[in-house]
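Proteins get letters first, then strands, A, B, ... in listed order; numbering begins at 1 in each.
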Amino acid sequence: MRYSKLFGKTLRQAPAEAESISHQLLLRTGMIAQEAAGIYSYLPLGWRALRKIENIIRDEMDKAGGQELMLPVLQPLELWQQSGRDVSFGKSLFTLTDRKEHKLALGPTHEEVTADLVHRYVQSYRELPVLLYQIQTKLRDEPRPRGGLLRVREFIMKDLYSFDADEAGLAESYQKMCQAYKNIYARLGLPALMVEADSGAIGGKDSHEFMVITETGEDEVIYCTDCGYAANIEKAKFVKTDKATVPGKARNPLPLEEIATPESKTIEEVAKFVGVPASQTLKAVFYFTDGEFVFAIIRGDLEVNETKLRNALKCSELRLATESEVNAAGLVAGFASPIGIKGVKVIADDSVTSGSNFVVGANKPGYHFMNANYPRDFQVDLITDIAIARPGDSCPICGGKLSSARAIEVGHVFKLGTFISEKFGASFLDSDGKSRPIVMGSYGIGLGRLLAAIAEQSHDDKGIIWPLPVAPYQVYFCPLSLDKPEVLPTAEKIYQELQKEGIEVLFDDRDESPGVKFNDADLLGIPLRLTLSPRTLQSQSVEAKWRTEKKPQLLPLENLAPQVKRLLEEKAVRAQP
RNA sequence: CGGGGCGUAGCGCAGCUGGUAGCGCGCAGCGUUCGGGACGCUGAGGUCGGAGGUUCAAAUCCUCUCGCCCCGACCA
């Protein structure tokens, strides 16, 4: 490609709306252009890089036994009503009405369509397992697109759906996909961490996310450096050490005692007033969920994890209750108590059992109880883990210290189970002639987000540093002093030779100063730069420099293309997983 | 949806105590330069996000509206 003909140009300054590094770099390089919030065009360079990613993913999916197909973006809304996920997707589902007043949805994902297909085409266990995938545009009306390509409304995604006869089959497919994902990230030069993830209100037992640790990530990962335990904070478990034991205080339940605690509303105030650590208190938090008021109780030093709470309650909507809702429930904010409460659903974190003689509200302004003990003094509807893990907490596996980091989610795999296949009648006859629902799995990767994640963690102050397999071009051919009669013909000849050798080369044939060309080469992040100039011509050579390295090397002009080819191949081999 | 910020040339910005728009980069032409974003001269390019209002006069003041960004909520 001749640079002078390339559509799109580099910007010296990043557009003001770009905050994250990947967003700035992708805009500055002219790889993408914004059309609206969360809607982008891919320009030639960006599209080339995206297609490289796409092909790597396709290759790994095929190797893992996947079969590629193409599914509709326009889907009858009935399909979504059938699975019930029109409700769970809610407003994120783009819908429209056609001229015949039929309601349609723009596919945010394709489990429904695929399950419906499989229902029609698969009848026997002999036909299982089936792994179907597509790489195509999906649409979600995100509440808040952000970070350039990190969270968008229109995005290209690879989704593979696995269909197995039983849980064991699913486990095998799941395993295969996890391995395929690891291969993909390795080939993309992306250090991705596999972490335990929340599977949401729908979906089965297991779910994992692949995370790239970087500050601009939207997610938070909790991990243990000792044993390798890692989980999304939404899911992360930790050991609730029995901090409630205060030296010199009795562990045995003492009689419940009401005390005056004027002006002590927050946990800090109460703990200070009574003279106990926060872990010796119980905290009440009120939520409103699917039209129901919920009273959550947790040890004073811990915080509620709303994802865990939502899962425990099996609800879709969850928000903090308003003050008037709290009052209407007959509770006194700041002094609320599970003791003697009636007509309200109470859910407790299991930390209420890790300690004794807690200080808790008396549900009376200005009063708290001392020595509250579960279950002696209060009962709950549900007791489970609803606490959020924090750095410094103890690892649930080895007891080591947990750390936390921001991360970009670059892949998500789910064991879906039979939820969707049952809705679509996707069943098969087993070897005993018995009809059983097909067991599904779902495995997604967002391509644009991968592109952004790579730029996010592979750059320097000059620009992007594309890993060779992703780079839009492998070689940036940069002749200087093109107006000098000795340079141009040689440059043209080299360009032809490189192309003939099958090398993807961007030929900077512009009449620009060396600084401009070098800076553009660095900004674009093309892995190998070849410089031809009157200077190198004197020694009948070309200067070759890797984007990742400081020092160039000289290659003789003679037989240049095969030498370049060999350099690239060596690099590719070294980068192999 | 709550909180905050911003909309002036392709990009970055100034102008905002009202008087009809300017700078840098980029772009076009000519000339000089040529190994890390060169220089000179000439030039093109703007519904000042949109609508309404106040005024003799609005980029500037008022009202409404649209869009974009950030934080949070949300997000299989």
Side-chain angles (χ1 to χ4, degrees), chain A residues 8-20 23-24 27-28 30 33-39 83-85 87-93 108-112 138 140-148 150-153 155 157 159 161 197-204 206-209 216 218-219 232 234-235 306-307 310-311 316-320 322 409 411-417 419-420 440-444 446 461-463 478-484 487 510-523 529 531-538 543 545 550 552:
Chain A
K9 78 172 87 172
T10 55
L11 296 175
R12 205 173 283 202
Q13 281 157 311
E17 75 258 17
E19 175 108 341
S20 71
H23 194 192
Q24 292 186 2
L27 287 173
R28 278 189 61 202
Q34 183 171 31
E35 223 48 64
I39 302 177
S83 69
R85 295 208 303 172
V87 176
S88 50
F89 259 97
K91 286 186 171 165
S92 293
L93 190 67
T109 175
H110 288 73
E111 280 86 356
E112 277 75 3
K138 311 208 175 197
R140 290 181 195 174
D141 197 353
E142 292 286 347
R144 179 150 98 85
R146 73 182 91 175
L150 287 178
R151 182 159 219 94
V152 291
R153 294 191 289 172
F155 52 97
M157 188 166 169
D159 249 344
Y161 308 115
D198 177 55
S199 55
I202 310 163
D206 278 342
S207 174
H208 290 88
E209 286 165 328
T216 41
E218 302 184 89
D219 286 285
N232 190 312
E234 295 177 343
K235 169 87 174 181
E306 293 188 3
T307 303
R310 182 178 285 118
N311 288 339
S316 58
E317 193 206 333
L318 179 77
R319 58 170 173 81
L320 285 169
T322 63
E409 177 195 336
H412 201 160
V413 297
F414 303 84
K415 288 187 178 174
L416 287 178
F419 174 83
I420 293 173
M440 283 181 71
S442 164
Y443 317 85
D461 55 345
K462 292 275 187 187
C478 185
L480 305 178
S481 306
L482 269 171
D483 57 330
K484 294 270 163 57
V487 179
R510 299 173 301 169
D511 180 23
E512 288 287 357
S513 71
V516 170
K517 293 189 173 192
F518 288 155
N519 278 302
D520 273 340
D522 287 344
L523 179 60
R529 188 184 79 197
T531 309
L532 176 77
S533 71
R535 200 153 99 189
T536 67
L537 266 173
Q538 278 187 350
E543 180 188 289
K545 188 185 104 54
K550 269 240 152 9

Residue-phosphate contact under 4.0 Å: A:R144 side-chain N/O, B:C71 OP1/OP2: yes
Distance-only donor-acceptor test, A:R151 side-chain atoms vs B:C75 base atoms, 3.5 Å: yes
Pairwise N/O distances under 3.5 Å, protein to nucleotides 66-68 of chain B:
| from | atom 1 | to | atom 2 | distance (Å) |
| --- | --- | --- | --- | --- |
| B:C68 | OP1 | A:A37 | N | 2.7 |

Spacing of A:H412 atom NE2 relative to B:C75 atom P, expressed in whole Å: 13 Å
C1'-based separation of B:G22 from B:G45 [nearest Å]: 14 Å
C1' gap between B:G26 and B:G46, integer Å: 16 Å
Spacing of the C1' atoms in B:C62 and B:C16 (rounded, Å): 14 Å
Distance between P atoms of B:G37 and B:A14 (Å, rounded): 27 Å
Candidate pair A:D520 and A:R510, rule side-chain contact (heavy atoms from CB on, under 4.5 Å), full reasoning: CA-CA 12 Å; A:D520 273 340; A:R510 299 173 301 169; 3.0 Å; yes
Nearest-nucleotide comparison on RNA chain B, the residue closer to the 5′ end among A:E112 and A:L11: A:L11
Touch class at under 4.0 angstrom, heavy-atom based, for A:A14 against every strand present: sugar-phosphate
Sugar-phosphate, base or nothing in reach of A:R140, heavy atoms under 4.0 Å: nothing
Side chain of A:P15 - closest among B:C70, B:C11, B:G37: B:C11
A:F89 six-ring face occupied by A:R140 cation (under 6.0 Å, within 45°): no
Heavy-atom protein contacts under 4.0 Å, nucleotides 43-48 of chain B, coded B base, S sugar-phosphate only, - none: ------
C1'-based separation of B:G53 from B:A9 [nearest Å]: 28 Å
From CA spacing to verdict: side-chain contact (heavy atoms from CB on, under 4.5 Å), A:V152, A:I39: CA-CA 6 Å; A:V152 291; A:I39 302 177; over 6 Å; no
Any A:R510 side-chain nitrogen or oxygen under 4.0 Å from OP1 or OP2 of B:G37: no
Reference residue A:E142; test salt bridge (charged side-chain N to carboxylate O under 4.0 Å, His left out); the match among A:R153, A:R151, A:K91: A:R151
Selection from B:G24, B:C74, B:G37 that lies nearest to any side-chain heavy atom of A:D520: B:G37
Complementary nucleotide of B:A38, counting Watson-Crick and G-U pairs under 3.5 Å: B:U32
Residues A:E209, A:K235: salt bridge by 4.0 Å N-O rule: no
B:C48 to B:G29 separation - P atoms, rounded to the nearest Å: 30 Å
Closest non-hydrogen atom pair, A:A18 against A:L27: CB-CD1, 3.8 Å
Sugar-phosphate, base or nothing in reach of A:E306, heavy atoms under 4.0 Å: sugar-phosphate
Spacing of A:E218 atom CD relative to B:C69 atom P, expressed in whole Å: 13 Å
Sugar-phosphate, base or nothing in reach of A:G147, heavy atoms under 4.0 Å: sugar-phosphate
Partner set under salt bridge (charged side-chain N to carboxylate O under 4.0 Å, His left out) for A:E306, not counting sequence neighbours: none
Contacts of A:E409 that satisfy side-chain hydrogen bond (donor to acceptor under 3.5 Å, both in side chains) - sequence neighbours left out: A:H412
Atom pair distance, as rounded to whole Å: CD in A:Q13 and P in B:A14: 12 Å
Side chain of A:E234 (C-beta onward), nearest among B:G37, B:G36, B:C75: B:C75
Note: A:R310-A:D198 ion pair, threshold 4.0 Å (strictly below): no
Sugar-phosphate only, base, or nothing, as touched by A:K517 at under 4.0 Å among non-hydrogen atoms: nothing
For nucleotides 32-35 of chain B, list the nitrogen or oxygen atoms of the protein found under 3.5 Å from its nitrogen or oxygen atoms, one pair per line.
| from | atom 1 | to | atom 2 | distance (Å) |
| --- | --- | --- | --- | --- |
| B:C34 | O2' | A:S481 | OG | 2.9 |
| B:C34 | N4 | A:D483 | OD1 | 3.4 |
| B:C34 | N4 | A:D483 | OD2 | 2.6 |
| B:G35 | O2' | A:R535 | NH1 | 3.4 |
| B:G35 | N7 | A:S533 | OG | 3.1 |
| B:G35 | O6 | A:S533 | OG | 2.4 |
| B:G35 | N1 | A:E543 | OE1 | 2.9 |
| B:G35 | N2 | A:E543 | OE1 | 2.6 |
| B:G35 | N2 | A:E543 | OE2 | 2.6 |

Pairing partner (Watson-Crick or G-U wobble, both distances under 3.5 angstrom) of B:C48: none
Qualifying residues under ring pair (Phe, Tyr, Trp, His ring centres under 6.0 Å), relative to A:H23, sequence neighbours excluded: A:Y40
Closest-nucleotide 5' rank along RNA chain B - winner of A:K9 and A:K91: A:K91
B:C34 and B:A38, which share atom name C1', separated by this distance in whole Å: 8 Å
Whole angstrom value for the distance that separates P of B:A73 from CZ of A:R310: 11 Å
Who pairs with B:C61 - Watson-Crick or G-U, where each distance is under 3.5 Å: B:G53
Worked verdict on A:T531 versus A:L480 for side-chain contact (heavy atoms from CB on, under 4.5 Å): CA-CA 7 Å; A:T531 309; A:L480 305 178; 3.9 Å; yes
Integer angstrom distance from the C1' of B:A59 to that of B:G18: 10 Å
A:H110/A:K138 under side-chain contact (heavy atoms from CB on, under 4.5 Å): CA gap, chis, key distance, verdict: CA-CA 9 Å; A:H110 288 73; A:K138 311 208 175 197; 3.0 Å; yes
